[in-house]
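Worksheet: the structure to be examined is printed underneath.
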Amino acid sequence: MKILKFGGSSLKTAKRIEHVVQLISSQHPCGVVVSAFGGITNQILQLISHAELGADFNINLQLFFEKHRKIINDLNLKRELMLDTIKKIENELFFTLKKIASKKKCTPQLKDLGLSVGERLSAIIITEACIQKEINTTYLDARKVILTDDNFGNAFVHYKRSFNSIRNNWEDKSKTRIITGFIGATDSGETTTFGRSGSDYTASIFGAALNVKEIEIWTDVNGILSADPNIVSETRTISHITYDEAMELAHAGAKIIFPPTIIPALYKSIPIRIKNTFEPENPGTTISQERAKNDYFAVGISSLYNVSLIRFQGAGML
Ligand code: ASP
């Protein structure tokens with residue numbers, strides 16, 4: 001079995017979601033981690049800022065709901081049970097924003113709860129789209145199985161306990177599960193998040209817990225490029241890279257994957273494959289323990305922007 005992860009850019013419109021459902025169907029049964037639909041997390045952050053300032057957030061909130069409703073309509077999803085669940089989650093966001101507005105302050109707890117709405121809505125809608133295509137699918141809210149500390153916004157995962165819960169949840173292996181990326185929960189059930197782009201990390205946690213054959217991160221480029229294409233015109237896809245190399249590039253500014261993603265996969269030596277949703281036949285990049293030697297002098301070049309170098313000097317520094 002594999003774990004697949006689809007990011008927001010692969011889930012921006014009903015058409016893209018239909019394409020993703022086809023990719024899921026070709027790998028069924030599998031675990032599928034999803035991000036919020038493209039642009040949605042930024043929109044929630046904006047709603048939170050408006051609420052904090054005491055500004056009227058209602059119009060923008062309706063637009064936010066509309067975006068999801070349009071996708072639901074375009075996909076022709078009509079089941080009452082799903083529509084009720086969507087309504088409940090929408091209400092949860094409304095009351096969270098109301099709380100923030102009344103205090104004119106957003107606590108880290110409320111922020112994580114608000115942000116979780118993006119992934120929950122997307123996972124429910126995609127589950128329904130898969131069921132409609134007769135793929136034996138079920139929805140999994142990762143807060144049920146990923147346990148974290150209470151470092152809201154950048155939560156630390158309790159691996160052992162989370163791995164056990166994931167395995168218990170996966171007894172029925174015949175179903176595909178659509179899993180909310182980016183979120184977990186504390187012992188007392190409070191919602192936490194892992195930081196921006198954290199859904200990659202969710203995929204790796206599930207992959208390691210279930211000892212899968214491969215973790216596939218589906219994005220909108222053909223894997224990891226050898227340099228930033230905005231600067232270097234002749235970039236190429238790096239076909240194979242080791243965990244160490246990927247970590248080093250990621251820490252030095254390359255937008256590869258969310259850096260903690262490497263940890264669970266490395267621990268179980270599970271290869272991570274980065275693939276392009278819009279070019280599925282392209283092999284993309286494989287990150288693994290070892291790689292064959294190649295002819296290139298450097299594996300890749302990362303670049304950091306807007307960095308200031310500050311030099312302290314003087315006898316006191318001795
Ligand atoms: N939706 C979250 C974000 O935009 C997490 C993710 O996509 O991985 O950062």
Side-chain angles (χ1 to χ4, degrees), residues 1-13 15-17 19-24 26-27 30-35 38-39 181-182 195-204 206-208 212-266 268-305:
M1 194 191 70
K2 283 186 190 171
I3 293 288
L4 323 178
K5 179 256 163 176
F6 293 94
S9 59
S10 305
L11 307 169
K12 235 179 167 157
T13 59
K15 206 160 174 231
R16 289 190 184 183
I17 294 171
H19 176 58
V20 163
V21 170
Q22 259 176 22
L23 292 171
I24 296 172
S26 68
Q27 307 240 30
C30 54
V32 182
V33 173
V34 293
S35 291
F182 179 53
R196 294 303 304 267
S197 304
S199 301
D200 292 346
Y201 187 35
T202 307
S204 187
F206 273 84
V212 297
K213 185 167 88 182
E214 191 171 84
I215 298 161
E216 290 183 353
I217 308 279
W218 289 81
T219 175
D220 53 2
V221 288
N222 285 333
I224 303 174
L225 296 178
S226 53
D228 182 344
N230 295 316
I231 300 177
V232 181
S233 56
E234 286 163 36
T235 53
R236 59 184 165 79
T237 295
I238 303 171
S239 62
H240 291 88
I241 188 169
T242 66
Y243 297 118
D244 281 353
E245 290 163 344
M247 265 194 289
E248 204 172 324
L249 279 174
H251 283 296
K255 286 196 179 63
I256 295 182
I257 44 174
F258 185 63
T261 307
I262 307 281
I263 304 163
L266 170 72
K268 291 283 183 79
S269 291
I270 301 169
I272 302 175
R273 187 105 74 108
I274 304 183
K275 303 240 328 155
N276 188 349
T277 312
F278 309 105
E279 242 184 276
E281 56 297 333
N282 190 298
T285 299
T286 305
I287 309 174
S288 57
Q289 201 81 49
E290 312 238 346
R291 65 170 170 81
K293 234 178 135 30
N294 64 29
D295 295 334
Y296 295 108
F297 171 71
V299 176
I301 299 169
S302 65
S303 15
L304 286 166
Y305 307 93

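These values consider heavy atoms only, across backbone and side chains, with no hydrogens, waters or symmetry-generated copies.
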Point to revise | Distance-only donor-acceptor check, side chains Asn230 and Tyr305, under 3.5 Å | key: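 The criterion, which ignores hydrogens and geometry beyond distance, is not satisfied for Tyr305 and Asn230.
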
Review point. Should Arg16 and Thr277 be marked as a side-chain contact (heavy atoms from CB on, under 4.5 Å) after you check the CA-CA gap, both sets of side-chain angles, and the distance that decides it?
Key: CA-CA 9 Å; Arg16 289 190 184 183; Thr277 312; over 6 Å; no

Exercise for review: Check each of Lys275, Lys5, Arg273, Lys2 against Glu216 using the salt bridge (Lys or Arg N to Asp or Glu O under 4.0 Å) test, and report the only one that passes.
Suggested key: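 In the set Lys275, Lys5, Arg273, Lys2, the residue that makes a salt bridge (Lys or Arg N to Asp or Glu O under 4.0 Å) with Glu216 is Lys2.
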
Exercise for review: Could you walk me through whether Ile287 and Ile224 pass side-chain contact (heavy atoms from CB on, under 4.5 Å), step by step?
Suggested key: CA-CA 10 Å; Ile287 309 174; Ile224 303 174; 4.1 Å; yes

Distance from [X] atom [atom1] to [Y] atom [atom2], nearest 0.5 Å?
{"X": "Ile270", "Y": "Ile3", "atom1": "CD1", "atom2": "CD1", "value": "9.0 Å"}
{"X": "Ile257", "Y": "Asp200", "atom1": "CD1", "atom2": "CG", "value": "6.0 Å"}
{"X": "Leu249", "Y": "Asp244", "atom1": "CG", "atom2": "CG", "value": "11.0 Å"}
{"X": "Ile241", "Y": "Ile274", "atom1": "CD1", "atom2": "CD1", "value": "8.5 Å"}
{"X": "Leu225", "Y": "Glu234", "atom1": "CG", "atom2": "CD", "value": "13.5 Å"}
{"X": "Glu281", "Y": "Asn276", "atom1": "CD", "atom2": "CG", "value": "8.5 Å"}

Review point. Heavy-atom count around Leu23 CG within 6.0 Å, excluding the residue itself: above 12?
Key: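 Yes, CG of Leu23 has more than 12 neighbouring heavy atoms, counting only those of other groups under 6.0 Å.
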
Exercise for review: Count the heavy atoms belonging to other residues, nucleotides or ligands that lie under 6.0 Å from CD of Glu248, then report whether that count exceeds 12.
Suggested key: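 No.
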
[X] versus [Y], closest heavy-atom pair with distance:
{"X": "Ala252", "Y": "Ser302", "answer": "O-OG, 2.9 Å"}
{"X": "Val33", "Y": "Ala203", "answer": "CG2-CA, 3.8 Å"}
{"X": "Thr261", "Y": "Ser204", "answer": "O-OG, 2.6 Å"}
{"X": "Arg291", "Y": "Asn294", "answer": "NH1-ND2, 3.8 Å"}
{"X": "Gly253", "Y": "Leu304", "answer": "CA-CD2, 3.5 Å"}
{"X": "Ser10", "Y": "Thr219", "answer": "OG-O, 4.0 Å"}

**Study point:** Side chain to side chain, Ser199 and Phe258, heavy atoms closer than 4.5 Å
**Key:**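 Side chain of Ser199 against side chain of Phe258, heavy atoms only: no contact under 4.5 Å found.
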
Exercise for review: Could you go through the side-chain contact (heavy atoms from CB on, under 4.5 Å) check for Gln289 and Leu266 one step at a time?
Suggested key: CA-CA 7 Å; Gln289 201 81 49; Leu266 170 72; 3.9 Å; yes

**Study point:** Whether Trp218 and Phe6 hold their rings parallel, tilted or perpendicular, with breakpoints at 30° and 60°
**Key:**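 Ring orientation of Trp218 relative to Phe6: parallel.
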
Review point. Are the side chain of Ser288 and the backbone of Glu290 linked by a donor-acceptor contact shorter than 3.5 Å?
Key: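 Yes; at least one donor-acceptor contact below 3.5 Å.
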
**Study point:** Donor-acceptor under 3.5 Å (Ser226 side chain, Ile238 main chain)
**Key:**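 It does not hold such a pair.
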
Practice item. Apply side chain to side chain donor-acceptor pair (under 3.5 Å) to Lys268 and list each qualifying residue two or more places apart in sequence or on a separate chain. Key: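 Applying side chain to side chain donor-acceptor pair (under 3.5 Å) to Lys268 gives Asn211.
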
